[in-house]
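Heads up: the structure comes next, in structure tokens.
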Number of protein chains: 2
Amino acid sequence: MESDTYHHGNLKKALITTGLEILSEKGIEGLSLRKVARRVGVSHAAPYNHFSDKQALLAAISTEGHKQLYETLFRIFDSMKHASEDILLEIAWAYLQFAVEDPGRFKLMFSGALDEESKHPEFVEIASKNIALLEAIIQFCKEDGRLPAEALEIAAIKLWSSVHGFTSLVLEDQFPPEYMQAHQLRELLKAVVSP
Amino acid sequence: MESDTYHHGNLKKALITTGLEILSEKGIEGLSLRKVARRVGVSHAAPYNHFSDKQALLAAISTEGHKQLYETLFRIFDSMKHASEDILLEIAWAYLQFAVEDPGRFKLMFSGALDEESKHPEFVEIASKNIALLEAIIQFCKEDGRLPAEALEIAAIKLWSSVHGFTSLVLEDQFPPEYMQAHQLRELLKAVVSP
DNA sequence: CGCCGAATATTGACACTGTCAATATACAGA
DNA sequence: TCTGTATATTGACAGTGTCAATATTCGGCG
């Protein structure tokens with residue numbers, strides 16, 4: 001599958017993963033089409049055979065990020081189903097870690113560098129999968145009986161809003177610096193996810 | 001104060017307000033130093049006499065946005081001190097409206113186009129002013145006695161996180177489209193701000 | 001008034017970017 | 001093998017952020 005022929009083989013995938021690399025190293029400002037192409041070892045216009053736009057590449061990278069987030073959260077959920085600890089807190093903490101460990105990726109995913117993510121069907125799919133996972137987690141946490149569907153959706157939105165908002169504000173340095181140490185953050189997060 | 005002399009007079013302020021204009025019209029991608037300069041009627045390098053960087057101009061614009069947000073929320077708070085309605089909901093609603101009515105401005109303020117906002121002292125000042133306002137609002141809503149300081153800070157962070165997260169996710173089209181009508185949004189928001 | 005330094009604005013250049021048209025190369029099936 | 005299609009390259013274009021060199025204006029001092 002790997003070759004250095006004239007035809008790259010699977011340039012599309014290579015562009016996405018290399019894009020994630022550069023995103024992680026240089027942040028969102030440092031991510032250019034030409035840089036990705038150069039890194040992959042291909043001419044500056046080659047990406048246009050696979051992506052109509054820079055926007056299209058960014059959307060693909062963002063989608064890949066959402067898949068990674070899903071994987072991360074799902075793994076946590078799965079590994080804690082039989083533990084007694086506070087699952088919601090661990091999920092929220094994982095969300096925060098996901099953002100902090102690679103801010104560029106998180107910002108691309110959520111900070112509107114994309115104009116119309118909802119035009120890309122792959123993106124819509126993984127986004128709703130993430131919501132469904134959240135709902136499953138919440139359902140699981142209510143030991144005493146299931147919630148009605150509507151309440152479940154609302155609870156999921158509440159939880160996601162809180163955790164996402166907290167994470168965004170942390171990432172953007174919007175809190176006073178004395179809150180910004182790890183164990184402080186964890187305490188705050190506990191308050192944020194508690195009802 | 002207004003003149004079309006060689007020296008503009010107060011180019012710095014003009015650049016900021018014109019920047020906000022373009023931001024509102026073309027969004028964050030469509031905002032360039034040169035476009036702002038052209039619109040103000042000044043050469044493409046003139047801004048460098050007042051801002052060391054594009055980043056510096058963006059930071060100033062962002063700071064101005066935070067001031068507008070403070071004004072907006074303060075007005076709501078002030079006008080509702082003697083009303084019986086749900087202040088928290090109205091504040092949250094105003095926050096959401098502020099974002100929706102000018103997404104470019106909101107994204108610049110919160111979506112990490114800035115690298116190190118906390119280096120600009122004016123920004124730090126208005127940011128903490130905004131937190132203080134939130135705390136005052138929460139304090140006011142607890143009719144039965146004051147909260148201890150620590151609980152107050154935590155409550156403010158909880159509230160801000162929820163509302164900000166909800167707003168961001170709405171702005172980024174992360175929710176299923178059936179949630180996206182105004183009265184639906186208001187219902188959801190009510191759930192988000194309720195304890 | 002006239003002069004001079006400081007503040008401010010302009011011009012021109014540079015490397016970099018996204019995008020497109022024209023061209024070249026490689027692959028897959030007849 | 002030949003041919004069409006998919007893929008990659010090259011070269012161009014306008015637009016960008018930034019900087020150095022230059023020009024213009026302002027404020028204060030004589």
Side-chain angles (χ1 to χ4, degrees), chain A residues 1-19 21-23 25-62 104 108 112-117 119-120, chain B residues 1-19 21-23 25-62 104 108 112-117 119-120:
Chain A
M1 223 47 75
E2 307 282 328
S3 60
D4 49 352
T5 63
Y6 188 90
H7 281 42
H8 178 281
N10 49 5
L11 180 54
K12 186 166 183 173
K13 187 150 296 183
L15 289 170
I16 294 175
T17 69
T18 303
E21 266 179 43
I22 297 183
L23 198 53
E25 296 168 16
K26 323 266 184 189
I28 206 167
E29 300 281 290
L31 178 63
S32 74
L33 258 189
R34 290 171 105 107
K35 232 177 270 180
V36 177
R38 209 176 305 138
R39 186 104 124 210
V40 171
V42 98
S43 79
H44 64 261
Y48 282 86
N49 288 296
H50 304 273
F51 300 100
S52 62
D53 245 352
K54 187 188 185 186
Q55 283 289 320
L57 173 56
L58 291 183
I61 297 176
S62 170
L108 175 62
L114 289 302
D115 280 320
E116 9 176 79
E117 300 179 275
K119 298 267 317 207
H120 305 265
Chain B
M1 225 47 76
E2 307 281 327
S3 61
D4 51 351
T5 64
Y6 188 91
H7 280 43
H8 178 281
N10 49 6
L11 180 55
K12 185 166 184 173
K13 187 150 296 182
L15 290 170
I16 294 176
T17 70
T18 303
E21 266 180 44
I22 297 182
L23 198 52
E25 295 167 17
K26 322 267 184 186
I28 206 166
E29 301 281 290
L31 178 63
S32 75
L33 257 189
R34 290 171 106 108
K35 233 177 269 180
V36 178
R38 209 175 305 138
R39 185 105 125 210
V40 171
V42 99
S43 80
H44 65 259
Y48 282 86
N49 288 297
H50 304 273
F51 299 100
S52 62
D53 245 349
K54 186 188 186 186
Q55 283 288 321
L57 173 57
L58 292 183
I61 297 176
S62 170
L108 174 62
L114 290 302
D115 279 320
E116 9 175 79
E117 299 180 275
K119 298 261 327 201
H120 305 266

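Atoms considered below: every heavy atom in the structure, side chains included; atoms not considered: hydrogens, waters and symmetry mates. Keep in mind that what you see is a predicted model, and the values were worked out from it rather than measured. Just so it is clear: chains get the letters A, B, ... in the order the sequence lines come, proteins before strands, and each one is counted from 1.
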TODO: For A:L11 and A:V42, run side-chain contact (heavy atoms from CB on, under 4.5 Å): C-alpha distance rounded to whole Å, both residues' side-chain angles, the deciding distance at 0.1 Å, then the answer.
DONE: CA-CA 9 Å; A:L11 180 54; A:V42 98; 4.2 Å; yes

Figure out the [atom1]/[atom2] separation between [X] and [N], and round it to whole Å.
X: B:N10; N: D:dT25; atom1: CG; atom2: C1'; result: 16 Å
X: B:L57; N: D:dT16; atom1: CG; atom2: C1'; result: 14 Å
X: A:H44; N: D:dA12; atom1: NE2; atom2: P; result: 11 Å
X: A:E29; N: D:dT18; atom1: CD; atom2: P; result: 10 Å
X: A:K12; N: D:dA6; atom1: NZ; atom2: C1'; result: 14 Å
X: A:N49; N: D:dT10; atom1: CG; atom2: P; result: 14 Å
X: B:L33; N: D:dT16; atom1: CG; atom2: P; result: 10 Å
X: A:R39; N: C:dC16; atom1: CZ; atom2: P; result: 16 Å

- [ ] State whether A:R38 places a side-chain N or O below 4.0 Å from either non-bridging phosphate oxygen (OP1 or OP2) of C:dT17.
- [x] yes

Open item on the list: Side-chain N or O of B:S43 versus OP1/OP2 of C:dA9: is the shortest distance under 4.0 Å?
Closed with: no

Task: B:E25 and B:R39 ion-paired at < 4.0 Å - done: yes

Open item on the list: Assuming nearest nucleotide by heavy-atom distance, tell me which of A:R34 and B:R34 is located more 5' along DNA chain D.
Closed with: A:R34

Task: Shortest side-chain distance from B:H50, nucleotide among C:dT8, C:dG18, D:dT18 - done: C:dT8

- [ ] Kindly point out which of D:dG17, C:dT19, C:dA9 is positioned nearest to the side chain of A:Y48?
- [x] C:dT19

TODO: Report yes or no: does B:K54 contribute a side-chain atom to a donor-acceptor pair with the main-chain N or O of B:L33 at less than 3.5 Å?
DONE: no

Open item on the list: Minimum heavy-atom separation for B:I28 and B:L23, please, with both atom names.
Closed with: CA-CD1, 3.7 Å

